[in-house]
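Take a look at the structure below.
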Amino acid sequence: MKTPLLDLQPIHKIIREELRQAVLRVLDSNQFIGGPEIDNFEREIASYCGVKHAVGVSSGTDALLISLMALNVGPGAEVIVPAYTFFSTAGSVRRVGAEPIFCDIDPVTFNIDVKKLENLVSPKTRAIIPVHLFGQCARMGEIMAIAKRHGLYVIEDAAQAIGAKYKGNMAGVIGTTGCLSFFPSKNLGGIGDGGLVMTNDDTIYDLLVSLRQHGATQRYFHNRIGGNFRLDAIQAAALRIKLKRLDEWSNMRRQNAIYYKQSLKDLESNGFIKLPVESQGNFHVYNQFVIRAGNRDALQSYLSDNGVGTAIYYPLPLHLQECFKEAGLTRGALPESEIAADETLAIPIFPGLTQEQMNLVVTLCHRFYEK
Ligand SMILES: *Cc1c(COP(=O)(O)O)cnc(C)c1O
């Protein structure tokens, strides 16, 4: 692949020595679980995002799971989630024994459609999990207003959106809790798995800290059932180095997005593709640059044959997944999620993508539609 969908080498090359030192520092400290790297990283993330508490956990998926556990969402409860997102947004709801209720998406932003959300609230609803998909926040103003009217928790799935802003607030600090992922392909990626939960609520914070350590309040004394949901010190040490450069890298993603939008706009005017939109009040951090493409699968093969990596996020909406079929939703139930699954294609946007690589993508897209 001449132009992969994601290449971490350009940014890792710059910080390679710092990362090596950080890993060795942890190795020499003998503190692999807990300790100062974790404490410092949590403080630094809380300060970066502007939130009172940050709790490092083992993955973004576990951040969602532990949030639901801390809020005591379990059997008999319903949680509203978008149908078009990564699996774990809904998987975590089912894992605590609650039912995910699927909401359709807004076709412009791909985020949960706030006009369709309130109709799904029932007496069993306990929480909403909006997802800030591809690096742009969902309409948190409306979502918080609906939650307030019905007494619901809001768990922000900000796995793809660290550093994104909604009306000046950072993604993940508006809801009851906010969940981050440090999976290597996320904007702040570790050198392995990792995640984090943010909250401004002291009681929820205490619960999160206990739940990530088997529900203990004091070692070997368990008030509740938790799990091993800890972030490792090596990840925290590596992430601290990357956090210092996150804004620079987000800006590089935004610059790449501007270039694509200029260079592909004629294909949009001719009706071949639709470009992503930064909606009003949002600061988009482009974890993915996702277009809608006519003849999508053929475009994807053509790009691949010519050395450009792409991906489909996501090919099957969650309400049509085998594991959620008891909910009884069939094709046609959530049309915008289904259309998105058929039309979307993510093209390379990573920081360090060269002008030459972007030109190749742009040229190939033109060649494909103009032949
Ligand atoms: C990546 C991702 C997750 C899960 O994060 P992991 O760290 O991979 O467990 C959850 N939700 C969304 C929207 C994601 O993109």
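Order of listing sets the numbers, starting from 1, for every ligand and every atom in it. We count residues from 1, following the sequence as given.
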Report the nearest protein non-hydrogen atom to [atom]: residue, atom name, distance rounded to 0.1 Å.
atom                    : value
atom 2 (C) of ligand 1  : Lys186 NZ, 2.6 Å
atom 13 (C) of ligand 1 : Asp157 OD2, 3.5 Å
atom 15 (O) of ligand 1 : Gln160 NE2, 2.7 Å
atom 10 (C) of ligand 1 : Ser88 OG, 3.2 Å
atom 5 (O) of ligand 1  : Ser181 OG, 3.3 Å
atom 9 (O) of ligand 1  : Thr61 OG1, 2.5 Å

From the list Lys124, Arg126, Arg94, salt bridge (charged side-chain N to carboxylate O under 4.0 Å, His left out) with Glu99 holds only for Arg94
Does Asp193, backbone or side chain, put an N or O under 3.5 Å from an N or O of ligand 1? no
Purely on distance, is any nitrogen or oxygen of Phe182 under 3.5 Å from one on ligand 1? no
Take every heavy atom of Gly195, measure it against each atom of ligand 1, and state whether any distance is under 4.0 Å. no
Is Val131 near ligand 1, meaning one of its heavy atoms is under 4.0 Å from it? yes
Could you walk me through whether Phe134 and Tyr286 pass the ring-ring contact (aromatic ring centres under 6.0 Å, His included) test, one step at a time? CA-CA 6 Å; Phe134 305 141; Tyr286 293 98; 10.0 Å; no
Ser59 and ligand 1 - part of the residue with a heavy-atom distance under 4.0 Å: both
Proximity of Thr85 to ligand 1 by residue part, where a heavy atom lies under 4.0 Å: side chain
Would you check if there is a donor-acceptor pair between the side chains of [Y] and [X] at a distance under 3.5 Å?
X      : Y      : value
Ser59  : Asp193 : no
Thr363 : Asn359 : no
His132 : Glu156 : yes

Go through Tyr260 and Ile349 one step at a time and tell me if the side-chain contact (heavy atoms from CB on, under 4.5 Å) criterion holds. CA-CA 9 Å; Tyr260 275 141; Ile349 188 79; 4.1 Å; yes
Do NZ/NE/NH1/NH2 and the carboxylate oxygens of Asp202 and Lys52 come within less than 4.0 Å? yes
Find out whether the Lys NZ or Arg CZ of Arg292 is both under 6.0 angstrom from the six-membered ring centre of Phe272 and within 45° of the ring's axis. no
